[in-house]
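The next block holds one structure in the form of structure tokens; read it before the comments.
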Amino acid sequence: MFRSLAYLCLLVFVSSPAYAGVVLKVKGKSVLIDLKGDPASPGDSFYAVLPNGKRSGIVKISKVKGEKAIGRVIKGNVAAGMSMELQPAEVTGGGSRGGPAKAKRASSDSAPAGRSYWGGLFGYGLNSMDVNVNDSVTGDFRKKASLSGSGFSAKGLFDYEIFSQVWFRFTAGLEMFKVAGPKECGTLNQQTCDANINYLSMDFLGRYVFATGSLRPWLGAGVGLLFPMSKEASALQAQSISTTNVIMLSGGLDFFVSPDFYIPMSIEYGMLPKSDEVEASWIAFRVGFAVPF
């Protein structure tokens, strides 16, 4: 009888979940946890457990300081007072937390630690423009010229998470638009058709993120405002170059090197307003950095 009782106690002990602390406070998706002396590391995932033992949600640890930890709700519901149970997947491979099992964690350990980030973007754009060339004497339409060129950009970046897979991106800075074409402009229609415009741009982009781990591909669309700071052109009249807008279709990848640092990469197609005289667009490649705001 005593042997059976001892076996039953041992079975209960072995099969009991490994609890690690308790939820102290929940604000939005951020969770403050008292670890109660148990070890934890950024990237660890825990179940939030109700008093009846039922799992209610999943929390990923982003920061640990002493016996307190900050995590983020990635699934379900979490409330103050719930116990924390380490996800079994985190302790497979024969190691304990902080030991050999740590090397077996998925790349999602580098997932975002916050909801807002700031940084910089640097780009290279392939520009194109189709413009009507008029006779310099009569002003009559002569032909359409196709211009092309390239320019650089440097912008500040602010990313904000609206929902787990819906993010907002705001950028502002320098956008260069440079194009040149055949010698069909000027007084004798023998001057190279060109345009060289430096814009101050302010861009607003909505992005849908397809994954929530360390590699986060996305597609997005938005609009930008372009304010000319300097302008030189033979392909069109300088006074016609004024504040304008651009519609953007974009896709890219946010590569989280760590929860506190990622590399944004994107390719963007921009369409400027079309008129009877001019049609312009660009394809821009951008890369940069971002850290928590």
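Note that the numbering runs from 1 along the sequence shown for the chain. In what follows, every heavy atom counts, from backbone to side chain, and hydrogens, waters and symmetry copies are set aside.
- Side chains of Ser62 and Ile70 form a contact here, defined as non-hydrogen atoms less than 4.5 Å apart.
- More than 12 heavy atoms of other residues, nucleotides or ligands sit less than 6.0 Å from atom CD of Gln239.
- A distance-only check finds no donor-acceptor pair linking the side chain of Arg55 to the backbone of Tyr47 [under 3.5 Å].
- Checked against ring-ring contact (aromatic ring centres under 6.0 Å, His included), Phe168 has no partners two or more places apart in sequence or in another chain.
- Sequence neighbours left out, the pairs with a member in residues 192-293 that pass disulfide (SG to SG under 2.5 Å) are Cys185-Cys193.
- Ser30 is linked by a side chain to side chain contact (heavy atoms under 4.5 Å, CB included) to nothing, counting only residues two or more places apart in sequence or in another chain.
- Legend: residues meeting side-chain hydrogen bond (donor to acceptor under 3.5 Å, both in side chains) with Tyr199, ordered by chain and number and at least two apart, are absent.
- The ring-ring contact (aromatic ring centres under 6.0 Å, His included) check on Phe210 picks up Tyr208, with sequence neighbours excluded.
- Applying the 6.0 Å contact sphere to CZ of Phe227 captures more than 12 heavy atoms from other residues, nucleotides or ligands.
- Applying the side-chain hydrogen bond (donor to acceptor under 3.5 Å, both in side chains) criterion to Asn198, with sequence neighbours excluded, gives Ser230.
- Shown here are the ring-ring contact (aromatic ring centres under 6.0 Å, His included) partners of Tyr262, two or more places apart in sequence or in another chain: Tyr117, Phe256.
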Report, one line per pair, each donor and acceptor closer than 3.5 Å where one atom sits in a side chain of residues 267-274; sequence neighbours left out.
{"from": "Glu268", "atom 1": "OE1", "to": "Arg286", "atom 2": "NE", "distance (Å)": "3.4"}
{"from": "Glu268", "atom 1": "OE2", "to": "Trp282", "atom 2": "NE1", "distance (Å)": "3.0"}
{"from": "Glu268", "atom 1": "OE2", "to": "Arg286", "atom 2": "NH2", "distance (Å)": "2.9"}

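- Considering only heavy atoms from C-beta on, Val246 stays 4.5 Å or farther from Glu175 through its side chain.
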Compile the donor-acceptor pairs under 3.5 Å between side chains in residues 120-133 and protein atoms, sequence neighbours left out, one pair per line.
{"from": "Tyr124", "atom 1": "OH", "to": "Ser150", "atom 2": "OG", "distance (Å)": "3.3"}
{"from": "Asn127", "atom 1": "ND2", "to": "Lys178", "atom 2": "O", "distance (Å)": "3.4"}
{"from": "Ser128", "atom 1": "OG", "to": "Ser281", "atom 2": "OG", "distance (Å)": "3.1"}
{"from": "Asp130", "atom 1": "OD1", "to": "Ser146", "atom 2": "OG", "distance (Å)": "3.0"}
{"from": "Asn132", "atom 1": "OD1", "to": "Lys144", "atom 2": "NZ", "distance (Å)": "2.9"}
{"from": "Asn132", "atom 1": "ND2", "to": "Asp276", "atom 2": "O", "distance (Å)": "2.8"}

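- More than 12 heavy atoms of other residues, nucleotides or ligands lie within 6.0 Å of CD in Gln165, so this atom counts as buried by the packing criterion.
- Between Trp218 and Leu205, the closest side-chain pair of non-hydrogen atoms falls below 4.5 Å.
- In this view, Asp159 and Arg169, Arg207 satisfy the salt bridge (charged side-chain N to carboxylate O under 4.0 Å, His left out) rule, not counting sequence neighbours.
- Val64 is listed as a side-chain neighbour of Pro42, based on a closest heavy-atom distance under 4.5 Å.
- With hydrogens and angles disregarded, a donor-acceptor distance shorter than 3.5 Å links the side chain of Lys231 to the backbone of Ile241.
- Residues passing the salt bridge (charged side-chain N to carboxylate O under 4.0 Å, His left out) test with Lys143 are Glu184, sequence neighbours excluded.
- Listed by chain and number, the residues in a side-chain hydrogen bond (donor to acceptor under 3.5 Å, both in side chains) with Ser234 are Asp194 (sequence neighbours excluded).
- Other residues, nucleotides and ligands contribute over 12 non-hydrogen atoms within 6.0 Å of the CG atom of Leu24.
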